[in-house]
Amino acid sequence: MRTWLESIGYGLKVGVILLPVVMMIYAAGSMLVNKKSNYLRCVINGLFALYMSCVFALVFLPLPSLADGNLPTQFKGQVIPFLSVYNVYLDPSVEGVCQILFNIVMTVPFGVYFAYYFGTDVKKVAKYTFALSLMIEVAQLTGLFFIFNGSYRLFDVDDLMCNTLGGVIGAVAVAKCTFLPVIAKYDVVFAKLSHRNA
């Protein structure tokens with residue numbers, strides 16, 4: 001748990017730098033291409049960059065030290081579906097339950113982002129979330145795509161399922177939250193304001 005919090009903390013530090021940068025890049029690009037801006041889109045993209053920074057810090061950090069001689073030397077993975085659930089059933093533990101729940105919660109914002117920002121349907125969100133999770137798991141299995149000599153973190157098929165479920169939950173939640181503001185309306189509002197100021 002402590003390692004998780006430390007990794008997230010590092011991700012937040014990087015994300016705090018990325019947030020304003022992404023917002024400014026989007027705002028400048030939008031003004032150049034569309035001759036208008038949308039502050040809501042700027043904020044959402046900045047927050048998504050912050051979120052992804054935390055995700056990648058969480059799943060990849062800490063890296064094994066190249067100097068300590070304790071590098072991974074083999075590629076390993078867990079390919080039995082629902083094994084983590086079965087292990088928690090056999091030997092209930094807070095850490096085991098948190099591991100499962102955290103893998104689900106981790107990708108809920110990912111599903112929310114695509115469903116809300118792009119209007120992506122649940123099936124496509126599931127595919128995108130699975131693709132993200134697969135990329136992470138393959139990176140862990142291959143030692144960050146063979147930068148290291150083996151898997152310094154475990155490839156787990158249950159993580160794929162939990163991550164995908166999290167994305168789906170996020171997309172379904174967006175569909176149920178009909179009170180959320182429609183982003184496109186902000187495009188129109190800001191376009192009119194820009195026209196009046198000109």
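Below, each value reflects all heavy atoms present in this structure, side chains not excepted, and no hydrogens, waters or symmetry copies. Just so it is clear, the model here is predicted, and its values are computed rather than measured.
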Rounded distance [0.5 Å steps], CD1 in Ile169 versus CZ in Phe110:
15.0 Å

Which atom pair, heavy atoms only, marks the closest approach of Gly167 to Val125?
O-CG1, 3.4 Å

Grouping I, L, V, M, F, W and Y whenever their side-chain heavy atoms are under 4.5 Å apart, do Val79 and Val85 come out in a common cluster?
yes

Only pairs at least two apart or in different chains count here, so list each side-chain hydrogen bond (donor to acceptor under 3.5 Å, both in side chains) that has a residue in residues 78-91.
Gln78-Asp156, Ser84-Asp158

Determine whether Tyr116 and Ile44 make a side-chain contact, defined as any pair of heavy atoms from C-beta on separated by less than 4.5 Å.
yes

Residues two or more places apart in sequence or in another chain: which of them pass ring-ring contact (aromatic ring centres under 6.0 Å, His included) with Phe146?
Phe75

Tell me the salt bridge (charged side-chain N to carboxylate O under 4.0 Å, His left out) pairs involving residues 159-169, sequence neighbours left out?
none

In this structure, would Val105 and Val174 fall into the same cluster of hydrophobic residues linked by side-chain contacts under 4.5 Å?
no

List for me each residue that meets ring-ring contact (aromatic ring centres under 6.0 Å, His included) alongside Phe60, sequence neighbours excluded, and say none if there are none.
Phe56

Interatomic distance, Thr142 atom OG1 to Ile147 atom CD1 [nearest 0.5 angstrom]:
8.5 Å

To the closest 0.5 Å, what do you measure between CZ (Phe145) and CE (Met135)?
6.0 Å

Going only through I, L, V, M, F, W and Y residues with side-chain contacts under 4.5 Å, is there a path from Leu180 to Tyr51?
yes

Hydrophobic cluster membership, Val182 vs Val43, 4.5 Å side-chain cutoff
no

Locate the shortest heavy-atom distance separating Leu40 from Pro181; write the atom from each residue and the value.
CD2-CG, 4.5 Å

Contacts of type side chain to side chain contact (heavy atoms under 4.5 Å, CB included), residue Val97, not counting sequence neighbours:
Val88, Leu101

Does Ile25 sit in a hydrophobic cluster with other residues, and if so which ones, taking ILVMFWY side chains as linked at heavy-atom separations under 4.5 Å, directly or through other members?
Val21

By side chain to side chain contact (heavy atoms under 4.5 Å, CB included), which residues pair with Leu160, not counting sequence neighbours?
Phe130, Ser133, Leu134, Glu137, Phe155, Val157

Side chain to side chain contact (heavy atoms under 4.5 Å, CB included) involving Val22 - partner list, sequence neighbours excluded
Asn45, Ala49

All pairs passing salt bridge (charged side-chain N to carboxylate O under 4.0 Å, His left out) where residues 38-56 contributes a residue, at least two apart
Arg41-Asp187

Kindly compute the distance separating NZ (Lys127) from OG1 (Thr129), expressed to the nearest 0.5 Å.
12.0 Å

Does any N or O in the side chain of Ser93 come within less than 3.5 Å of the main-chain N or O of Gly96, such that one atom is a donor and the other an acceptor?
yes

Same hydrophobic cluster for Val138 and Val59, using side-chain heavy-atom links shorter than 4.5 Å among ILVMFWY?
yes

To the nearest 0.5 Å, what is the distance between CZ on Arg153 and CD1 on Ile136?
10.5 Å

Heavy-atom donor-acceptor pair, Asn103 side chain to Asn163 backbone, under 3.5 Å:
no

Using the ring-ring contact (aromatic ring centres under 6.0 Å, His included) criterion, which residues pair with Tyr113? Sequence neighbours excluded.
Phe48, Tyr117, Phe118

Which heavy atom in Ala171 sits nearest to a heavy atom in Ala115, and how many Å separate them?
CA-CB, 3.7 Å

How does the hydrophobic cluster around Val168 look, that is, which other residues are in it when side-chain heavy atoms under 4.5 Å mark a link?
Val122, Val172

Sorted by chain and number, sequence neighbours left out, side chain to side chain contact (heavy atoms under 4.5 Å, CB included) with Lys124 holds for Thr120, Asp121, Tyr128

